[in-house]
Amino acid sequence: MIKLENIKKIYNKGNANEFEALKDVSLTIKDGELVAVIGKSGAGKSTLLHIIACIDSYEDGKYVIDDVLVKNLSEKKLAEIRNSRIGIVMQDFALVDDFSCIENVLLPLDFAAKKKSDRKELALAALKSVGMDGMAKKPVNKLSGGQKQRVAIARAIVNGPPLLIADEPTGNLDPKNSMEIMQILDQINQRGITVIVSTHDNAMVDYFRKRVITLDGGEVVRDIQAGTYE
Ligand code: ADP
């Protein structure tokens with residue numbers, strides 16, 4: 001469960017270029033939900049997702065994930081939360097380009113805690129779940145954008161996180177590849193993983209009608225759940 005209460009995010013606090021990117025955001029996202037976060041460029045979508053993903057801090061309010069208050073935590077503790085609970089997918093894939101698919105997916109696995117053969121099995125299973133197991137040994141720089149995003153999703157889920165956060169995952173993809181990525185995210189959600197996706201893409205909003213949160217100027221201006229969507 002994710003609970004944000006009156007979250008305020010201020011960039012460059014105390015400087016002339018101080019900017020309030022999130023004003024007073026309160027939200028609850030239950031386990032297993034599929035949520036699309038939409039809004040114009042600059043609305044605060046990435047900022048919100050980065051806070052939920054524990055990769056950015058906030059100035060005021062409270063963020064609680066699974067009963068852990070994410071405030072003033074050490075970098076070590078934050079990394080621990082990210083590694084055990086959160087998979088992250090970015091618009092630009094953020095893969096190591098000259099590594100193969102499987103090498104990229106192996107990266108987040110704990111080398112100390114798991115045997116090499118187990119790690120390989122987990123990585124192949126994650127690649128299989130996104131339809132990329134046949135290309136495990138191919139270098140990422142030989143893949144199309146859609147294939148790269150599939151590998152990025154495999155890397156995000158290989159540790160079995162209960163939460164997947166995808167920031168504009170189809171932003172660099174054509175409509176066909178975008179639809180495939182949406183279907184994969186939907187399948188991941190159907191396996192019980194909470195999925196939070198930010199998007200500009202209207203096709204994606206139509207596809208993810210279960211819950212759509214609209215941000216504008218750093219505020220939640222609409223929060224519509226399935227059944228109430230016009
Ligand atoms: P979105 O994802 O909806 O496009 P962002 O969360 O990226 O919006 O940005 C929200 C606002 O915060 C924008 O006006 C952006 O310019 C500003 N912003 C984002 N990151 C920073 C930063 N590191 N420093 C200063 N301002 C930032």
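Atoms within a ligand are numbered from 1 in the order they appear, just like the ligands themselves.
- Residue contact check: A21 has heavy atoms under 4.0 Å from atoms 12 (O) of ligand 1.
- The protein heavy atom nearest to atom 10 (C) of ligand 1 is G42 O, 3.3 Å.
- Contact record, I51 with K9: CD1-CB, 4.1 Å, taken as the closest heavy-atom pair.
- Screening D66, D67, D31 for a salt bridge (Lys or Arg N to Asp or Glu O under 4.0 Å) involving R85 leaves a single residue, D66.
- The shortest N or O to N or O distance between F19 and ligand 1 is not under 3.5 Å.
- The pair E103-R155 does not meet the salt-bridge criterion, since no charged nitrogen lies less than 4.0 angstrom from a carboxylate oxygen.
- With respect to K8, the salt bridge (Lys or Arg N to Asp or Glu O under 4.0 Å) criterion is satisfied by exactly one of E20, E59, E18: E20.
- Ligand 1 lies within reach of S41, whose nearest heavy atom is under 4.0 Å from it.
- Using a 4.0 Å threshold on non-hydrogen atoms, atom 20 (N) of ligand 1 counts as touching the protein.
- Distance check on atom 15 (C) of ligand 1: every protein heavy atom falls at or beyond the 4.0 Å cut-off.
- Listed here is the closest heavy atom pair of K45 and G39: NZ-O, 2.7 Å.
- Between the CD1 atom of I38 and the NE2 atom of H200 there is a distance of 10.0 Å, given to the nearest 0.5 Å.
- Residue-level proximity to ligand 1 for N12 is carried by the side chain, the only part with a heavy atom below 4.0 angstrom.
- Remark: the T47 side chain and the Y58 side chain contain no N/O donor-acceptor pair separated by less than 3.5 Å.
- Scanning all protein heavy atoms for the shortest distance to atom 7 (O) of ligand 1 gives S46 CB, 3.6 Å.
- Under 3.5 Å, the side chains of D186 and N189 contain no donor-acceptor pair of N or O atoms.
- Taking a 4.0 Å cut-off on heavy atoms, K40 registers as neighbouring ligand 1.
- Protein heavy atom closest to atom 5 (P) of ligand 1, with residue, atom name and distance, is T47 OG1, 3.7 Å.
- Note: an N/O pair closer than 3.5 Å links G44 and ligand 1 by distance alone.
- In terms of protein heavy-atom proximity, atom 25 (C) of ligand 1 is closest to Y11 CB, 3.3 Å.
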